[in-house]
Amino acid sequence: MQLDERKTKILQAIIRNYLETGEPVGSRTISKYTDLNLSSATIRNEMADLEEMGYILQPHTSAGRIPSDKGYRFYVDTMMEAKEREVVEMKEMLLERQDKMETLLKQVAKVLAQNTQYATMISAPQTHRNKVKFIQLSRVDADQILAVIVVEGNVIKNNILSVTQELTDETLLKLNILLNTHLNGLSMEEINLGMIAALKQQAGIHSDIVSEVIDAVAEAIKADEDLQIYTSGTNNIFRYPELADQQKASELINTFEEKQLLSGLVQNMNDEESTGIQVYIGDETPVQTMKDCSVVTATYELGEGMKGTIGIIGPKRMDYDKVIGTLRTLQNQLDELYHKDKS
């Protein structure tokens with residue numbers, strides 16, 4: 001006999017409550033944990049069915065119920081299945097979004113170069129990830145577990161952790177509940193030593209796993225991913241005599257091809273935390289090879305902490321009005337595109 005939705009919700013509530021308290025769970029307690037709006041009498045009847053089906057046990061007469069091994073197995077399987085599906089869907093969505101984003105940004109750089117007749121660059125949005133969204137531990141084999149950590153911006157990090165002995169489904173479940181209950185929604189600054197000590201104490205003999213997961217969370221939050229930068233219009237440099245000198249032009253083109261120095265320009269924008277338009281003239285630019293140029297940059301935002309940088313590089317006598325106007329329009333278009341994508 002399969003469990004219907006009502007029985008499933010009641011069983012899940014019994015198991016969650018028992019995991020938290022370690023005490024047998026009564027019908028009155030369950031009525032507060034479910035959204036079914038059932039009377040205690042109806043819940044008692046459902047609990048009697050669940051007991052008959054072998055999902056819960058009554059340790060003492062007139063006491064509440066506790067989960068059986070069969071109940072734990074059902075809970076672990078359904079919870080893990082839901083979480084695995086959630087992670088898979090999230091990865092698929094991110095890959096699709098990434099492909100679309102790469103095509104869009106290359107096109108933006110190209111159109112920008114054509115419209116301004118200057119060299120252009122645009123960086124892929126980076127996630128300013130500060131908070132934990134979700135943690136999932138699952139078994140790989142007897143000696144290893146997989147820790148999946150999702151942080152702001154839906155950035156997913158997978159870490160393989162070694163264990164000294166194989167963990168049971170119940171232990172993994174308890175660790176998942178412990179970590180998610182205490183860490184979800186927190187930044188690294190909020191995960192203090194006192195909290196870590198309390199978590200390790202609650203984890204008991206598995207405190208080393210808690211330490212490794214917290215290290216992995218810190219790594220996921222601060223990890224620097226490879227910055228993707230798309231450029232276009234580098235040949236436009238030769239249109240301006242003051243930049244067409246062989247050495248200057250060669251250095252500028254190398255800068256656009258190597259892109260390492262452009263990463264410094266993007267980082268400089270991120271450090272300033274500005275969403276406005278920045279104009280660097282000559283020596284003001286943070287990139288040494290662009291000292292004879294003017295560089296106009298703008299930050300675009302796509303929500304969920306995702307920000308990127310657009311830059312236009314040309315001679316000091318560039319048409320500032322046109323360039324700044326073009327960047328403002330582009331900022332608005334990307335903002336509208338993001339909100340349209342969300343609706």
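Counting begins at 1 with the first residue of the sequence.
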Ignoring hydrogens and angles, write down the donor-acceptor pairs under 3.5 Å from the side chains of residues 284-293, residues two or more places apart or on other chains.
{"unit_1": "E284", "atom_1": "OE1", "unit_2": "I281", "atom_2": "N", "d": "3.0"}
{"unit_1": "T285", "atom_1": "OG1", "unit_2": "V287", "atom_2": "N", "d": "3.4"}
{"unit_1": "T289", "atom_1": "OG1", "unit_2": "T255", "atom_2": "OG1", "d": "2.7"}
{"unit_1": "K291", "atom_1": "NZ", "unit_2": "D283", "atom_2": "O", "d": "3.1"}
{"unit_1": "K291", "atom_1": "NZ", "unit_2": "T285", "atom_2": "O", "d": "2.8"}

Over 12 non-hydrogen atoms of neighbours within 6.0 angstrom of CG in D69: no
Q165 side chain near I205 side chain, heavy-atom distance below 4.5 Å: yes
Backbone of A203 reached by a side-chain donor or acceptor of S207 within 3.5 Å: no
Rounded distance [0.5 Å steps], CD1 in I160 versus CG in L146: 4.5 Å
Any donor-acceptor N or O pair under 3.5 Å, side chains T168, T171: yes
Steps toward side-chain contact (heavy atoms from CB on, under 4.5 Å) verdict (L11, K7): CA-CA 6 Å; L11 177 59; K7 284 185 174 62; over 6 Å; no
Reported CD1-to-CD1 distance for the pair I135 and I149, which is rounded to 0.5 angstrom: 6.0 Å
T120-Y230 side chain donor-acceptor pair, cut-off 3.5 Å: no
Within-4.5 Å side-chain heavy-atom neighbours: V150 and K133: yes
Separation of S232 OG from M121 CE (nearest 0.5 Å): 12.5 Å
Residue pair R16 / Y75: nearest heavy atoms and the distance that separates them: CG-OH, 3.1 Å
Min side-chain heavy-atom separation K106-K110 under 4.5 Å: no
E5 and T8: side chain donor to acceptor below 3.5 Å: no
Residues, nucleotides or ligands: over 12 heavy atoms within 6.0 Å of D321 CG: no
Close side-chain approach of D169 and Y72, heavy atoms under 4.5 Å: no
Worked check of salt bridge (charged side-chain N to carboxylate O under 4.0 Å, His left out) between E219 and K157: CA-CA 9 Å; E219 195 62 34; K157 295 291 181 183; over 6 Å; no
Salt bridge flag under 4.0 Å for residues K316 and E242: no
Check: N115 main-chain N/O paired with K322 side-chain donor or acceptor under 3.5 Å: yes
Between CD1 on residue I237 and CZ on residue R239, distance to nearest 0.5 Å: 12.0 Å
Validation row: S187, E190 side chains within 4.5 angstrom (heavy atoms): yes
Short side-chain to backbone donor-acceptor contact, T181 and I177, under 3.5 Å: yes
S31 (side chain) donor-acceptor with S40 (main chain) under 3.5 angstrom: no
Sidechain-backbone polar pair: N176 side chain, L137 backbone, donor-acceptor under 3.5 Å: yes
pair L199-I214: side-chain heavy atoms closer than 4.5 Å: yes
Linked, directly or transitively: V111 and I324 (ILVMFWY side chains, under 4.5 Å): no
Residue pair L243 / P315: nearest heavy atoms and the distance that separates them: CD1-N, 3.8 Å
Student check: side-chain heavy atoms of Y300 and L330 closer than 4.5 Å: no
Trace of the side-chain contact (heavy atoms from CB on, under 4.5 Å) decision for V163 with Q144: CA-CA 6 Å; V163 292; Q144 295 179 316; 5.8 Å; no
Gap separating the OG1 atom of T234 from the CD1 atom of I253, nearest 0.5 angstrom: 5.5 Å
Validation row: M47, S27 side chains within 4.5 angstrom (heavy atoms): yes
Chi angles and distances behind the side-chain contact (heavy atoms from CB on, under 4.5 Å) call for I30, E46: CA-CA 11 Å; I30 294 306; E46 294 285 10; over 6 Å; no
Expected output: side-chain Y118 to main-chain D319 donor-acceptor under 3.5 Å: yes
Electrostatic pair E166:R139 at N-O distance under 4.0 angstrom: yes
